[in-house]
Amino acid sequence: MIGLIDRLSRPLMRALDPEDAHTLAIKALRFMPLPRPAPEPPELGVRAFGLNFPNPIGLAAGFDKNAQASDALLRLGFGFVEIGTVTPRAQAGNPRPRLFRLEADEGVINRLGFNNGGEAVVLARLAARANEGGIVGVNIGANRDSPDRTEDYVRLIETFAPVASYFTVNVSSPNTPGLRDLQQAKALDDLLARVIDARERVHPRAGPTPVLLKIAPDLTLSNLDDVVGIARKHRVDGMIVGNTTITRPGSLRERGKAGEAGGLSGRPLFKLSTRMLAETYVRTESAFPLIGVGGIDSGATAIAKLKAGATVLQLYSGLVYRGIGLVAQIKADLLTAIKRGHRDSLASMVGSDAADMTAESWPS
Ligand SMILES: Cc1cc2nc3c(=O)[nH]c(=O)nc-3n(C[C@H](O)[C@H](O)[C@H](O)COP(=O)(O)O)c2cc1C
């Protein structure tokens, strides 16, 4: 079934403008009758942030911004789906074109700018699917023109806590001017204090919703020292490493498109994001687990992320080039790695290469 979807849809999708292709994919997923998948092999199960993931491969934020297709995506084999980024009020985002494929590099550049339907629309959709089960995280962000960005996050925690499996506090999108300044020590300290306080306030009616912090791969290591220290101080449940990069590796072949403003993802992000993951892992000293994301497009890249320190994984751009069959392929490769290593889970791989990776020269 999945192979058939891939074979039929990929040539068509690649022929379309990238944003039109995305809109079409979401529509198709909404109306596609998909059977519930067979239960996953228990070896692929992961427990993290107080949640039981049936498998460790999640869909990263930005694909299903408005929670229109989460159940279809879970049925296609993802272990969890992160919707959003959602902002309190609906916003249109930046003018088109704002999404670019770097085909020769298997990369994507986007400067969408948090286009989304706003909290009311997304809340209604999540409430309507609440009995379906499955892990659906809610990635939250501030409106571009918000007079008090921290207040936007607080309000979104209060709104979504009853329907969110977890929250991702996104302070790392490069496409909302000034948003990434929330990663600076003082601003982050204040933001996390208020976010965790809001989470505690809603706990009695919503249960213990984990809060994860999603960071940019472009932080300096001294920024990262501060960020991890502050995340530990406020006892966040985990971190996601990381978002798209505003840097452009020298190896990019699509030089013309590389000049487009926005965040780069996909294969050209793999080295930088994996290094930042390892750097984050060694700083957390096991205080909380990490989600590794950036350039995963095979079993080998997924395993490298685990060894760099990820307990759970996410991907997005790899789907553009490999299709939805990528998820099943990675799961099969992870199972093979578990069996070959005579392990009963992925846990022993997590972080096994992190210290060595941090000693290598910086990826360019
Ligand atoms: C088109 C597009 C839109 C994205 N939108 C968001 C978003 O709204 N919020 C967010 O936290 N990350 C967003 N991301 C970043 C992804 O969640 C992910 O962190 C990044 O793409 C790296 O993973 P990948 O290389 O597997 O794509 C977006 C990425 C892409 C390609």
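Index from 1, following the sequence. Just follow the structure's listing: the first ligand is 1, and inside any ligand the first atom is 1.
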Report, in ascending order of atom number, the atoms of ligand 1 lying under 4.0 Å from any heavy atom of [X].
X      : result
Asn170 : 9 (N), 10 (C), 11 (O)
Leu112 : 1 (C), 3 (C)
Gly295 : 24 (P), 25 (O), 26 (O)
Gly242 : 19 (O)
Leu99  : 1 (C)
Leu269 : 22 (C)
Val293 : 18 (C), 19 (O), 22 (C), 23 (O)
Lys214 : 10 (C), 11 (O), 12 (N), 15 (C), 16 (C), 17 (O), 18 (C), 19 (O)

>> Ile215 and side chain to side chain contact (heavy atoms under 4.5 Å, CB included): which single residue from Asn243, Thr280, Ile240 fits?
In response: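 Output: one option passes, namely Thr280.
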> So which protein heavy atom does atom 27 (O) of ligand 1 come closest to, and at what separation?
Replying inline: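 The closest one turns out to be Ser317 OG, 2.6 Å.
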> To the nearest 0.1 Å, how far is atom 21 (O) of ligand 1 from its closest protein heavy atom, and which atom is that?
Replying inline: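 Nearest protein contact, heavy atoms only, for atom 21 (O) of ligand 1 is Ser265 CB, 3.2 Å.
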At under 4.0 Å between heavy atoms, is it the side chain or the backbone of [X] that contacts ligand 1, or both, or neither?
X      : result
Ile240 : neither
Asn243 : both
Thr85  : both
Asn116 : neither
Lys65  : side chain
His22  : neither

>> Taking CZ in Arg340 as the centre, count heavy atoms belonging to other residues, nucleotides or ligands within less than 6.0 Å. Is the count above 12?
In response: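 No, the 6.0 Å shell around CZ holds no more than 12 heavy atoms from other groups.
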> Hey, is the main chain of Asn66 close enough, under 3.5 Å, to the side chain of Asn116 for a donor-acceptor pair?
Replying inline: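 Between the backbone of Asn66 and the side chain of Asn116 there is no qualifying donor-acceptor contact (under 3.5 Å).
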>> Checking the side chain of Arg194 only, and the main-chain atoms of Asp189 only, is there a donor and an acceptor separated by less than 3.5 Å?
In response: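 Answer holds: no.
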Should the pair [X]-[Y] be classified as a salt bridge under the 4.0 Å nitrogen-to-oxygen rule?
X      : Y      : answer
Arg89  : Asp145 : yes
Glu43  : Arg343 : no
Glu285 : Arg232 : yes
Arg155 : Glu119 : yes
Asp71  : Arg36  : no

Side chain or backbone, does [X] bring an N or O within less than 3.5 Å of an N or O on ligand 1?
X      : answer
Gly266 : yes
Gln314 : no
Thr244 : no
Ala60  : no

From [options] - option closest to [atom] by heavy atom:
atom                    : options                      : result
atom 29 (C) of ligand 1 : Asn110, Asn115, Leu264       : Asn110
atom 14 (N) of ligand 1 : Pro174, Gly62, Ala61, Gly294 : Ala61
atom 26 (O) of ligand 1 : Tyr316, Phe270, Phe114       : Tyr316

How long is the gap from [atom1] on [X] to [atom2] on [Y], to the nearest 0.5 Å?
X      : Y      : atom1 : atom2 : value
Leu335 : Glu40  : CG    : CD    : 8.5 Å
Leu99  : Glu260 : CG    : CD    : 10.5 Å
Leu213 : Ile291 : CG    : CD1   : 11.5 Å

>> Once you measure the plane-to-plane angle for Tyr166 and Phe49, does it fall in the parallel (<30°), tilted (30-60°) or perpendicular (>60°) bin?
In response: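 Ring orientation of Tyr166 relative to Phe49: tilted.
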>> With a cutoff of 4.0 Å, is Ser273 in contact with ligand 1, counting heavy atoms of the residue only?
In response: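 Distance cut 4.0 Å: Ser273 fails for ligand 1.
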> Going through the distances and angles, do Arg267 and Asp105 end up as a salt bridge (charged side-chain N to carboxylate O under 4.0 Å, His left out)?
Replying inline: CA-CA 7 Å; Arg267 183 174 281 186; Asp105 304 297; over 6 Å; no
